[in-house]
Amino acid sequence: MSIHSGVPGRARQDVLGAYLDSLALIERLHRLLLDVIKDEFERLGILDINAVQALLLFNVGDNEVTAGELKSRGYYQGSNVSYNLKKLVEIGYMSHERCAIDRRSVRVRLTPRGREVRAVVASLFVRHAQGLEDQNICDLARLDALNHSLKRLERFWTDQIRYIY
């Protein structure tokens, strides 16, 4: 069965084409973001963590979290987050301790080394935001509109998971 079957009219075809373009762009942008982070870390000689792990450190920030909390926030997939958290603890970027209430659960937080990496990523993002504005690529209004559209898409996909089997 073709992806196009059951799609009446030219307008629906146009929306489908634009949607498929958006999906491909979202995938490419995520991979490109990881490449940009990787390049920054290579430039600085930080070679013991990968871009996914650096982004994880950035997203944890000053919080103390469990792997489950990171997954429920939608940042990471199951074993991927557990593996990366374990590696980051092993190499000294995060510390961990068992929860007092639920001994099966482990809470993690950044070590001073982890906070240094987070600061590198944060600095990179500050430079990017400034560059977007300075080069007139994307101003606050456009970013707000983009974020609004992406949040609506996120809500739509979440509803698909929750309500359509």
Side-chain angles (χ1 to χ4, degrees), residues 1-44 46-63 65-88 93-94 108 110 114 117-165:
M1 185 164 149
S2 165
I3 191 168
H4 302 288
S5 49
V7 180
R10 180 75 188 140
R12 292 264 171 124
Q13 288 291 1
D14 292 345
V15 170
L16 175 61
Y19 178 63
L20 294 175
D21 288 346
S22 295
L23 294 178
L25 184 57
I26 289 167
E27 284 186 82
R28 283 196 316 270
L29 286 172
H30 179 68
R31 285 192 303 271
L32 192 55
L33 172 63
L34 294 176
D35 286 343
V36 167
I37 293 169
K38 178 179 92 54
D39 287 351
E40 178 73 0
F41 277 69
E42 286 175 356
R43 188 180 66 74
L44 296 172
I46 303 170
L47 305 174
D48 57 342
I49 65 171
N50 64 40
V52 170
Q53 293 164 340
L55 200 52
L56 191 147
L57 292 172
F58 177 80
N59 287 324
V60 168
D62 293 329
N63 301 309
V65 297
T66 65
E69 289 168 340
L70 287 171
K71 288 183 274 188
S72 69
R73 290 181 195 170
Y75 290 134
Y76 304 94
Q77 298 300 313
S79 62
N80 184 7
V81 71
S82 298
Y83 168 81
N84 282 310
L85 289 176
K86 181 180 175 192
K87 290 300 278 183
L88 289 166
Y93 288 100
M94 299 191 95
V108 295
L110 304 186
V117 166
R118 185 186 191 283
V120 168
V121 176
S123 175
L124 176 67
F125 291 166
V126 166
R127 286 195 327 266
H128 287 172
Q130 189 66 51
L132 287 171
E133 190 174 38
D134 289 350
Q135 297 173 36
N136 206 22
I137 294 169
C138 218
D139 61 13
L140 179 59
R142 286 182 178 168
L143 286 171
D144 282 344
L146 173 64
N147 290 336
H148 178 74
S149 294
L150 291 172
K151 286 175 185 173
R152 289 179 56 115
L153 182 59
E154 177 184 38
R155 225 177 355 258
F156 174 76
W157 285 346
T158 300
D159 289 348
Q160 299 307 298
I161 295 166
R162 289 189 181 140
Y163 305 117
I164 297 180
Y165 302 103

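We number each residue from 1, following the sequence as shown.
- For residues 131-152, the set of pairs meeting the side-chain hydrogen bond (donor to acceptor under 3.5 Å, both in side chains) definition, not counting sequence neighbours, comprises Gln130-Asp134.
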* Apply side chain to side chain contact (heavy atoms under 4.5 Å, CB included) to Val60 and Leu56, showing your working. => CA-CA 6 Å; Val60 168; Leu56 191 147; 3.9 Å; yes

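- Between the CG atom of Leu55 and the NZ atom of Lys38 there is a distance of 15.0 Å, given to the nearest 0.5 Å.
- Listed by chain and residue number, nothing satisfies the salt bridge (charged side-chain N to carboxylate O under 4.0 Å, His left out) test with Asp62 (two or more places apart in sequence, or in another chain).
- Between Ile46 atom CD1 and Ile37 atom CD1 the span is 12.0 Å, to the nearest 0.5 Å.
- Between Val121 and Phe41 the shortest side-chain heavy-atom distance falls below 4.5 Å.
- Residues satisfying the salt bridge (charged side-chain N to carboxylate O under 4.0 Å, His left out) test with Asp35, not counting sequence neighbours, are none.
- The shortest side-chain heavy-atom distance between Phe125 and Leu33 falls under the 4.5 Å cut-off.
- Taken from CG in Asn50 to CD in Gln53, the straight-line distance is 3.5 Å, to the nearest 0.5 Å.
- Rounded to the nearest 0.5 Å, atoms CG (Leu16) and CG (Leu20) are 4.5 Å apart.
- None of Leu110, Leu88, Leu57 except one satisfies the side-chain contact (heavy atoms from CB on, under 4.5 Å) rule with Val117; the exception is Leu57.
- Put simply, the side chain of Val108 does not reach to within 4.5 Å of the side chain of Tyr93, judged on heavy atoms.
- Between Leu47 and Glu42, the closest side-chain pair of non-hydrogen atoms falls below 4.5 Å.
- The CD atom of Glu40 sits 4.5 Å away from atom CZ of Arg127, with the distance rounded to the nearest 0.5 Å.
- Scanning all heavy atoms of the two residues, the minimum distance from Ile137 to Gly131 falls at CD1-O, 4.4 Å.
- A donor-acceptor contact shorter than 3.5 Å is absent between the side chain of Glu27 and the backbone of Ala24.
- In this structure a side-chain-to-backbone donor-acceptor pair under 3.5 Å is present from Thr158 to Glu154.
- The closest side-chain heavy-atom distance from Glu69 to Asn63 is not below 4.5 Å.
- Separating the CG atom in Leu34 from the CG atom in Leu29 is a distance of 11.0 Å, to the nearest 0.5 Å.
- Within 6.0 Å of the NE2 atom in His30, the count of heavy atoms belonging to other residues, nucleotides or ligands does not exceed 12.
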